[in-house]
Amino acid sequence: MNPILNTAFKAARKAGDMMIRASSNLDAIKIDSKAFNDFVSDVDRTSEALILDTLFYSYPDHLIRSEEGGYFRASKTREGLQIEQIAAADVPATPEYEWVIDPLDGTTNYLHGHPQYAVSMALLHKGKLQEALVFAPERNDCYMASRGQGALLNDRRIRVSNRIEMNRCLMGTGFPVVDQSIMDTYLAILKDFLAKTAGARREGSAALDLCAVASGRLDGFFEFNLKPWDIAAGALLVQEAGGIVTDMHGNEGWLESGDIVAANPKVLAQMLQTIAPHL
């Protein structure tokens, strides 16, 4: 484990241990609604704070972008490390080092006691994904990847599946529950996938869905309107495990648009052919 991923793991472990402790009394957790079907809890915020403290302690010059609090930077003072929230307008167009984190991916799952949630962390260098870590506390599973170095699950190398026939493939997806304006398009695509594959699963954590593609547990994944913190780490894991990540048209730009398709090369081509008539 390189020093950057070692630090990321320490942060994720602290956050994950807190989540496990808090899950013993879910009724006591304060929950707010950011938008329709989009929730944030005290656990999300506490996880974010633990991660910020750990990352900035080792890398005070890095920028951090988090789902809950937006952009953060740190500065050294006589009293110690000072962490401050900054406006997006004050962020450089291409920061040298930028973390993109989701302190709790799968908040709705967590709040219902469904053990499909994770901490997701990715580091970009000059706009390019370099490091990724996804930690699932309930399973004690840690997925890690460094650009050009492959992908690991609990220190064991992982690869995307080698299936090439769609009718044997198990797909992962996510419902567009926050922005339902594309629901009809999504359901038409899903209907075609259900007719052409061995089935589809919706688990409620895009980060873990992408990890499942990277480890061959799912053969492909697609979803609309995700955020960078949902997919940055998982996407690098897929790429380093031998897969391909594109938008719905087979192009780059998926990190910005949030529309993502991931699979091994042959399956991805078939997925894009299935999606294309509906766009």
Side-chain angles (χ1 to χ4, degrees), residues 7-23 25-26 28-60 62-75 81-91 95 97-114 116-124 129 131-138 174 177-179 204-210 223 225-235 255-256 258:
T7 300
F9 179 70
K10 289 179 181 177
R13 171 65 78 181
K14 289 179 183 177
D17 288 348
M18 178 275 300
M19 292 175 195
I20 295 296
R21 291 193 300 271
S23 68
N25 190 11
L26 292 174
I29 297 173
K30 181 182 176 182
I31 306 168
D32 296 318
S33 178
K34 295 185 289 185
F36 178 71
N37 279 332
D38 191 8
F39 303 101
V40 60
S41 72
D42 285 346
V43 174
D44 296 76
R45 297 186 181 100
T46 302
S47 176
E48 179 180 78
L50 289 169
I51 293 169
L52 292 177
D53 285 344
T54 304
L55 292 183
F56 277 136
Y57 180 82
S58 296
Y59 303 105
H62 290 189
L63 180 74
I64 298 179
R65 183 182 183 188
S66 173
E67 177 182 10
E68 308 310 336
Y71 290 97
F72 295 89
R73 66 185 175 193
S75 57
L81 199 64
Q82 182 72 35
I83 299 174
E84 61 177 333
Q85 194 172 7
I86 59 175
D90 295 328
V91 175
Y97 286 101
E98 178 186 6
W99 290 90
V100 179
I101 68 171
D102 192 337
L104 175 50
D105 185 58
T107 298
T108 301
N109 284 346
Y110 177 82
L111 295 174
H112 285 78
H114 182 56
Q116 183 77 359
Y117 59 89
V119 177
S120 179
M121 310 170 67
L123 179 64
L124 290 80
L129 284 166
E131 310 286 348
L133 184 143
V134 177
F135 178 59
E138 290 274 358
V177 293
V178 177
D179 177 9
S205 168
L208 288 178
D209 287 337
L210 288 164
E223 189 169 351
N225 290 343
L226 291 167
K227 300 298 183 182
W229 47 78
D230 295 319
I231 56 179
L255 191 61
E256 293 75 25

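Quick caveat, the model's predicted, so the values are computed rather than measured.
For the atom pair CG of D230 and OG of S205, the computed distance is 8.5 Å after rounding to the nearest 0.5 Å. Between I51 atom CD1 and K10 atom NZ the span is 15.0 Å, to the nearest 0.5 Å. One finds the CG atom of D102 at 7.0 Å from the OG atom of S66 (value rounded to the nearest 0.5 Å). The CD atom of E68 sits 9.0 Å away from atom CD1 of I101, with the distance rounded to the nearest 0.5 Å. Atom NZ of K30 is separated from atom CZ of R45 by 6.5 Å, given to the nearest 0.5 angstrom. Within the model, atoms CG of L104 and CG of D44 stand 4.5 Å from one another, a figure rounded to the nearest 0.5 Å.
Checking side-chain atoms of S47 against main-chain N and O of P103 turns up a donor-acceptor pair under 3.5 Å. A donor-acceptor pair is defined here as one N or O able to donate and one able to accept, closer than 3.5 Å; such a pair exists between the side chain of E48 and the backbone of G69. Within the 3.5 Å criterion, the main-chain N or O of S41 finds no donor-acceptor partner in the side chain of Y110.
Taking all atoms of both residues into account, the shortest heavy-atom contact from L129 to A122 is CD2-CB, 3.9 Å. Here the closest heavy-atom approach between residue S120 and residue V134 is recorded as OG-CG2, 4.0 Å.
The aromatic rings of H62 and W99 are tilted relative to each other, their planes meeting at an angle between 30° and 60°.
For H112, the NE2 atom is loosely surrounded, since the number of other residues' heavy atoms within 6.0 Å does not exceed 12.
Looking only at side-chain heavy atoms (C-beta outward), L26 and S23 come within less than 4.5 Å of each other. No side-chain heavy atom of L208 sits less than 4.5 Å from a side-chain heavy atom of D105. In this structure the side chain of D53 reaches within 4.5 angstrom of the side chain of I83, judged on heavy atoms. Considering only heavy atoms from C-beta on, L255 comes within 4.5 Å of L124 through its side chain.
Qualifying side-chain hydrogen bond (donor to acceptor under 3.5 Å, both in side chains) partners for E223, counting only residues two or more places apart in sequence or in other chains: none. Residues that satisfy the side-chain contact (heavy atoms from CB on, under 4.5 Å) test with I86, not counting sequence neighbours, are L63, Y71, R73, E84, V91. Under the rule for a side-chain hydrogen bond (donor to acceptor under 3.5 Å, both in side chains), the partners of Q116 that lie at least two apart in sequence or sit in another chain are R139.
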